[in-house]
Chemist: 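I have a structure I would like to understand better, so I am pasting it below and will then ask my questions one at a time.
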Amino acid sequence: MWPDEAACAASAQRLAAHPGVRRAFIELHGTLGAGKTTFVRHLLHALGVQGRVKSPTYAVMEPYEMPGFTAWHFDFYRFNDPQEWEDAGFRDVFATPGLKLAEWPEKASDLLPTPDLRIAIALGEGDRRHVSLAALTPLGRELLS
Ligand SMILES: Nc1ncnc2c1ncn2[C@@H]1O[C@H](COP(=O)(O)OP(=O)(O)OP(=O)(O)O)[C@@H](O)[C@H]1O
Ligand SMILES: [Mg+2]
């Protein structure tokens, strides 16, 4: 349970403390305004990204280059053409080591690999969010523990 955004930030900071997060693929599920981008923002800032972390809804993908590793933030909300997967180079991105974060992964589910972690955020009263985390790989279990 995240009673407020500070709790979301604290979860992101705890996850960022694990070195394995730098090679994880994390799916973020939840309705509009649940807090997927907010969690990504806190996670990327905790990993050293400086400046603005914007919602990639229109660009579908935002890359972040950091000393020692790269992160990619996807938002598949408007993704509807599987050809775009090839054309935009997403296949190559998923074959490259680094952190991948995906909002609305269900819109590209046929193309995406199995995530290490699946985070589902549900709206509660006010700022309250009900959050569930599932590990689907050994790396995911390591991150979760
Ligand atoms: N406990 C909380 N955890 C996360 N965000 C919160 C919380 N309480 C309030 N918020 C606010 O909820 C909003 C969540 O918006 P955000 O853009 O992160 O949603 P989203 O899940 O990415 O939606 P979309 O599907 O449109 O991309 C932000 O304005 C954030 O400040
Ligand atoms: Mg978002």
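Remember, it's 1-based here, ligands and their atoms both numbered in the order they're listed.
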Chemist: Look at atom CZ of Phe69 and say whether more than 12 heavy atoms of other residues, nucleotides or ligands are closer to it than 6.0 Å.
Modeler: yes
Chemist: Ignoring hydrogens and geometry beyond distance, is a side-chain donor-acceptor pair present between His45 and Gln13 at under 3.5 Å?
Modeler: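 No.
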Chemist: Tell me, please, if Thr37 has any N/O/S atom, main chain or side chain, under 2.8 Å from the Mg ion (ligand 2)?
Modeler: yes
Chemist: Heavy atoms only: give me the nearest Glu27-Arg118 pair and the separation to one decimal.
Modeler: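 Looking at all heavy atoms of both residues, the closest pair is OE1-NE, 3.0 Å.
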Chemist: Could you check ligand 1 for N or O atoms lying under 3.5 Å from protein N or O atoms and list the pairs with distances?
Modeler:
unit_1	atom_1	unit_2	atom_2	d
ligand 1	1 (N)	Asp4	O	3.1
ligand 1	1 (N)	Glu5	N	3.4
ligand 1	1 (N)	Asp127	O	2.8
ligand 1	8 (N)	Asp127	O	3.4
ligand 1	10 (N)	Arg129	NH2	3.3
ligand 1	12 (O)	Arg129	NH2	3.1
ligand 1	18 (O)	Thr37	N	3.4
ligand 1	18 (O)	Thr38	N	2.9
ligand 1	18 (O)	Thr38	OG1	2.6
ligand 1	19 (O)	Gly35	N	3.3
ligand 1	21 (O)	Ala34	N	3.2
ligand 1	21 (O)	Gly35	N	2.9
ligand 1	21 (O)	Lys36	N	2.9
ligand 1	21 (O)	Lys36	NZ	2.7
ligand 1	22 (O)	Thr37	N	2.9
ligand 1	22 (O)	Thr37	OG1	2.8
ligand 1	22 (O)	Glu103	OE1	3.1
ligand 1	23 (O)	Gly33	N	2.9
ligand 1	25 (O)	Lys36	NZ	2.7
ligand 1	25 (O)	Trp104	NE1	2.9
ligand 1	27 (O)	Glu103	OE1	3.1
ligand 1	31 (O)	Glu5	OE1	2.6

Chemist: Run the side chain to side chain donor-acceptor pair (under 3.5 Å) test against Trp2 and tell me which residues pass, sequence neighbours left out.
Modeler: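 Checked Trp2 against side chain to side chain donor-acceptor pair (under 3.5 Å); matches are Ser11.
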Chemist: After noting the C-alpha distance and the side-chain angles of Phe79 and Phe74, does the key distance pass the ring-ring contact (aromatic ring centres under 6.0 Å, His included) rule?
Modeler: CA-CA 10 Å; Phe79 182 84; Phe74 295 88; 9.2 Å; no
Chemist: Of all the N, O or S atoms in Glu103, which has the shortest distance to the Mg ion (ligand 2)?
Modeler: OE1
Chemist: Between the side chain of Arg129 and the main-chain N/O of Ala34, is any donor-acceptor distance below 3.5 Å?
Modeler: yes
Chemist: Ring centroid separation for Tyr77 and Trp104, is it under 6.0 angstrom?
Modeler: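 So the answer is yes for these two rings.
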